Amino acid sequence: MRSIEWNQTSSKVQAIDQSLLPGEFKVIEFENADEIRGAIRSMVIRGAPVIGVAAFHAMALKAREIDTHDLKTFKEKMAQFAAFLKMARPTAVNLTWATQNALDFVRDFEGSTDALQHLIFELAERKAEEDVATNMAISRFGAELINDGDRIVHHCNTGALATVDYGTALGCIRMAHEQGKRVHVYVDETRPRLQGSRLTAWELEQYKIPYEIITDSSSGYLMRLGKVAKVLFGADRVALNGDVVNKIGTYMLALAAYDNGIPAYAAFPLSSLDFNCPNGDSVVIEERSGEEVLSLQQNGQIVAPANAKAVNYAFDVTPHRLLDALITDKGVLYPPFFRDISVLGNAGRSE
């Protein structure tokens, strides 16, 4: 199940519209770069790894839209769009990393603009394939930490929908299931956009993995009752010291796991590591419209008073001290995380 890919027949980028699931499975097409940026901003396309790949495709489409054969002018217009694209979801480092990576590719190129346009599309396709390979590696390493019979709390959506294919944290669970291990997943709703109950539950049904949906506030009590073996979630940005910036609610989940002596793991690709970020406190956390909270309904009725206001942070910061391991495509990192992350930084992301 590819969440995003280039359609050679239509010469457009196509992606699963995640805002419609689980009620409707729909693949939509994008013919210009601004449409992809809008889809990222509105969370039609969401999930740190797939946002990065979407950024490569947006840069490729922008290259096709620029009508000039002057290389200097071409590069200037690409730089302008890159700055605009990065602001679509500023907390997710994959977006910034991918956009900058594509822009560096453009800046280093010498030749015709026609050739450059073609090469950027090749770059986007290559990054999509790399993402799948990366997710498979993460999942293999993570599956080793999952035992037969484990009951796992999973936060947000980190499966194929959040990547090009297969997944990160949910990919680890999926891999363990495919290895024959019996696993049961407690899917927290992940308010206010309900990525857990809408998307993760939908994916688990496709894979025939047993699950139950729980309210976000239930996980701590389930741990206290001894019903949880592990906690898994993804990461939108990881600081140099191992602090994890992820979907709001991750911090509370990790606190409950820590208090109950249950291991908590974050799974992510190395592209989510921000080697310029010393700790989570230095990350600017995206605050989204309060309407996402206030528009929630029960029995067809809005639950909040008409004049209510809401604070809606999209992410929070989980201190590294609460985490038992970081699962990456290069292996599992254990505390002290700063040591191993520094080694990865000195070697380069691709090492």
Side-chain angles (χ1 to χ4, degrees), residues 1-6 14-16 18 45-57 92-95 97-98 101 122-148 150 152 154-183 185 195 199-200 202-209 211 230-238 244 246 265-273 325-334 340-341 344 347-351:
M1 179 173 61
R2 290 290 176 105
S3 64
I4 188 170
E5 60 185 342
W6 172 248
Q14 62 182 36
I16 297 171
Q18 299 192 37
I45 297 174
R46 49 137 305 276
V50 74
I51 285 176
V53 173
F56 279 110
H57 281 94
V93 73
N94 295 70
L95 175 60
W97 169 79
N101 189 291
E122 288 187 348
L123 175 65
E125 287 295 276
R126 187 162 63 250
K127 292 300 181 181
E129 293 304 320
E130 288 176 4
D131 182 74
V132 179
T134 293
N135 297 330
M136 295 298 292
I138 292 169
S139 299
R140 283 192 292 270
F141 286 121
E144 294 179 4
L145 302 176
I146 297 175
N147 299 319
D148 183 40
D150 274 354
I152 302 166
H154 177 276
H155 187 56
C156 197
N157 173 260
T158 63
L161 292 170
T163 62
V164 173
D165 201 354
Y166 210 83
T168 55
L170 192 60
C172 299
I173 296 171
R174 178 180 174 182
M175 180 72 73
H177 170 75
E178 292 175 354
Q179 291 172 348
K181 297 175 183 177
R182 294 166 299 168
V183 293
V185 185
Q195 295 99 320
L199 306 178
T200 296
W202 180 83
E203 282 202 48
L204 290 171
E205 288 202 354
Q206 313 309 306
Y207 312 141
K208 302 188 184 315
I209 299 175
Y211 74 91
K230 293 176 177 69
V231 170
L232 266 77
F233 42 79
D236 286 85
R237 184 186 297 244
V238 180
V244 167
N246 193 51
Y265 305 126
F268 53 89
L270 290 189
S271 58
S272 294
L273 277 169
L326 304 176
I327 305 168
T328 79
D329 48 302
K330 298 302 180 184
V332 180
L333 311 183
Y334 295 97
D340 289 339
I341 292 174
L344 290 172
R349 292 174 189 257
S350 62
E351 294 300 317

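Predicted, not measured: the structure shown is a model, and the values here were computed from it.
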For Phe141, all residues meeting side-chain contact (heavy atoms from CB on, under 4.5 Å), sequence neighbours excluded: Ile327, Val332

Lys181 side-chain N/O to Asp150 backbone N/O, donor-acceptor pair under 3.5 Å: no

Could you list the donor-acceptor pairs under 3.5 angstrom formed by side chains in residues 167-175, with sequence neighbours left out?
unit_1	atom_1	unit_2	atom_2	d
Thr168	OG1	Thr158	O	3.4
Arg174	NE	Glu178	OE2	3.2
Arg174	NH1	Tyr207	OH	3.4

Min side-chain heavy-atom separation Val231-Tyr265 under 4.5 Å: no

By side chain to side chain donor-acceptor pair (under 3.5 Å) - contacts of Asp340 (at least two apart): none

For Glu130, all residues meeting side-chain contact (heavy atoms from CB on, under 4.5 Å), sequence neighbours excluded: Arg126, Lys127

Partners meeting side chain to side chain donor-acceptor pair (under 3.5 Å) with Asn157 (sequence neighbours left out): Arg46, Thr200, Glu203

Spacing of CG belonging to Asp236 relative to SG belonging to Cys156, to within rounding of 0.5 Å: 7.5 Å

Listed once per pair and sorted, the salt bridge (Lys or Arg N to Asp or Glu O under 4.0 Å) pairs that draw on residues 131-140, sequence neighbours left out: none

Test side chain to side chain donor-acceptor pair (under 3.5 Å) applied to Gln179 - qualifying residues, sequence neighbours left out: none

Qualifying residue, where the test is side chain to side chain contact (heavy atoms under 4.5 Å, CB included) with Ile45 and the options are Ile4, Leu161, Ile16, Val53: Ile4

Side-chain heavy atoms of Leu273 within contact of Arg237, under 4.5 Å: no

Contacts of Glu129 that satisfy salt bridge (Lys or Arg N to Asp or Glu O under 4.0 Å) - sequence neighbours left out: Arg2

Any residue meeting side-chain contact (heavy atoms from CB on, under 4.5 Å) with Ile51, in chain and number order, not counting sequence neighbours: Ile40, Arg89, Leu95

Side chain to side chain donor-acceptor pair (under 3.5 Å) against Gln206, all qualifying residues, sequence neighbours excluded: none

Min side-chain heavy-atom separation Thr163-Thr134 under 4.5 Å: no

Interatomic spacing from CG in Asp329 to CD1 in Ile138 - rounded to 0.5 Å: 5.0 Å

Minimum side-chain heavy-atom gap His57-Glu125 below 4.5 Å: yes

Sequence-distant partners of Thr328, side-chain contact (heavy atoms from CB on, under 4.5 Å), two or more places apart: Phe268, Leu270, Lys330, Leu333

Pairwise side-chain contact, Lys230 with Asn147, heavy-atom cut-off 4.5 Å (strictly under): yes

Pairwise side-chain contact, Phe233 with His154, heavy-atom cut-off 4.5 Å (strictly under): no

